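What follows is one structure encoded as C-alpha cells, with my remarks underneath.
Nothing here was measured: the structure is a model prediction, and the numbers come from that model.
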Amino acid sequence: MTGRRTGSGRGGPRYGRLAALGSSLLVTAVAVLGGTGVLPSSAEEEAPVVALESAPPRAGAEPEPEAEDPAVAGAPADAGGGGAAALRREMDTLPTRSGSGRSVVFSESRQRVWLVEGSGAVASTYLVSGSLTDNLDPGTYEVWSRSLDAIGIDDSGTMRYFVRFTRGPSGAAIGFHDIPVDDGERVQSRLDLGTPQSHGCIRQQRSDARLMWAFAPLGTEVVVTA
C-alpha cells in the first residue's frame with residue numbers, strides 16, 4: 001500500500017509536467033502556423049492604401065481599360081523584319097528638328113508624342129489628338145503651368161493632368177491633357193487618337209496623360225514639329 005501510494009505520488013507530477021509541455025507545444029505550433037498564414041490570425045492587418053491622385057475622380061471620368069497603341073495593335077505579326085516590331089522601331093524614330101536633351105516632342109503631322117530622356121532615348125511614345133485648327137507653330141516651348149483638374153473654354157468639358165506650355169492666338173492656354181469628359185461622356189474615342197480632334201490642345205488617353213504628368217514638371221522643354 002505504501003509503495004503504491006509512493007508510485008502514485010511520483011506519477012502525478014510527471015504526468016502534469018507532460019501535459020503542460022504538450023499544451024505549450026500546441027500553443028507554439030498554433031502561433032507559428034497563424035503567423036505564416038496557414039491558420040487565420042485573430043487580428044489581421046490590412047495593407048495600407050496608397051492614393052494615386054490628390055483629388056477624387058469625377059463621376060463618369062474613370063478610365064476605361066487602356067488599349068494598346070492603335071497603330072501597333074492593327075499591325076500584322078513580324079514577317080521578314082516587318083510587322084509590329086518594325087512599326088514600333090519606326091514610331092520610336094524622332095522627327096527631324098526635335099532638338100536634343102530631355103524634352104517632350106510633339107509632331108503635328110504624325111499626331112504623336114515622344115517623351116525623351118536626357119540621353120536621347122525615347123522613354124515613351126504614343127498617339128494623340130491635336131487641334132483641328134492651325135493654332136500651334138513649330139518651335140521650342142517650356143512647361144509653365146500644370147493643373148490636376150481643369151475646365152475647357154466655354155464650359156466644353158472637364159479634363160485631368162493638364163500640362164500647359166503655350167497660348168493660342170485667342171490667349172487660351174495650350175497643353176497636354178486627357179480626353180475631356182462632357183456630360184459624363186468622353187468627347188472622343190481612344191480609337192480616334194492619331195487624328196486632329198481638339199479645339200486647340202493635345203489630347204491623350206488617361207494612362208498616357210499620367211505618364212506626361214509624371215515626366216513633365218514645370219520648366220520641361222516642349223518641342224513642336226510640323
Under the 3.5 angstrom rule, does the side chain of Gln111 hit a backbone N or O of Glu108 as a donor-acceptor pair?
yes

List, one per line, each side-chain donor-acceptor pair under 3.5 Å for residues 165-176, sequence neighbours excluded.
unit_1: Arg167; atom_1: NH1; unit_2: Gly171; atom_2: O; d: 2.9
unit_1: Ser170; atom_1: OG; unit_2: Ala172; atom_2: N; d: 3.4

Is it true that a side-chain atom of Asp178 and a backbone atom of Ala209 form a donor plus acceptor pair closer than 3.5 Å?
no

Please examine the side chains of Leu193 and Gln188, heavy atoms only from C-beta on, and report whether any two atoms are closer than 4.5 Å.
yes

Quick one: are Gln204 and Tyr126 in side-chain contact, heavy atoms under 4.5 Å?
yes

Quick check: closest heavy atoms across Ala226 and Ser107, and the distance to 0.1 Å?
O-OG, 3.8 Å

Could you go step by step and tell me if Met91 and Trp114 meet the side chain to side chain contact (heavy atoms under 4.5 Å, CB included) rule?
CA-CA 9 Å; Met91 292 188 307; Trp114 293 260; 5.6 Å; no

Are Ile179 and Leu132 joined in one hydrophobic group, where the rule is that I, L, V, M, F, W and Y side chains link up if heavy atoms are under 4.5 Å apart?
no

Closest approach of Ser129 to Gly194 (non-hydrogen atoms, all atoms of both residues)
OG-N, 4.0 Å

Shortest non-hydrogen separation from Thr195 to Asp192 and the atoms involved:
OG1-O, 2.6 Å

Testing the basics here: between Ala123 and Glu117, what is the closest heavy-atom pair and its distance to 0.1 Å?
CB-OE2, 3.6 Å

Set of side-chain contact (heavy atoms from CB on, under 4.5 Å) partners for Ser147, sequence neighbours left out:
Phe162, Arg164

Gln205 CD to Arg210 CZ distance, which is reported to the nearest 0.5 Å:
10.5 Å

Looking at residues at least two apart in the chain, or sitting in another chain, which of them share a side-chain contact (heavy atoms from CB on, under 4.5 Å) with Leu218?
Val143, Arg146

Looking at residues at least two apart in the chain, or sitting in another chain, which of them share a side-chain contact (heavy atoms from CB on, under 4.5 Å) with Thr96?
none

Co-membership, hydrophobic cluster, residues Leu148 and Trp144, 4.5 Å side-chain
no

Cut-off 3.5 Å, no hydrogens considered: what does the side-chain donor-acceptor table look like for residues 99-106, sequence neighbours left out?
unit_1: Arg102; atom_1: NH1; unit_2: Phe215; atom_2: O; d: 3.0
unit_1: Arg102; atom_1: NH2; unit_2: Phe215; atom_2: O; d: 2.9

Gln197 and Arg203: side-chain donor and acceptor closer than 3.5 Å?
no

Between the CG atom in Asp208 and the CG atom in Leu127, the distance rounded to the nearest 0.5 Å is 9.0 Å

Residue pair His177 / Pro180: nearest heavy atoms and the distance that separates them
CE1-CG, 3.7 Å

The side-chain hydrogen bond (donor to acceptor under 3.5 Å, both in side chains) partners of Thr225 (sequence neighbours excluded) come to none

Of all heavy-atom pairs linking Val223 and Arg97, the shortest is CG1-O, 3.7 Å

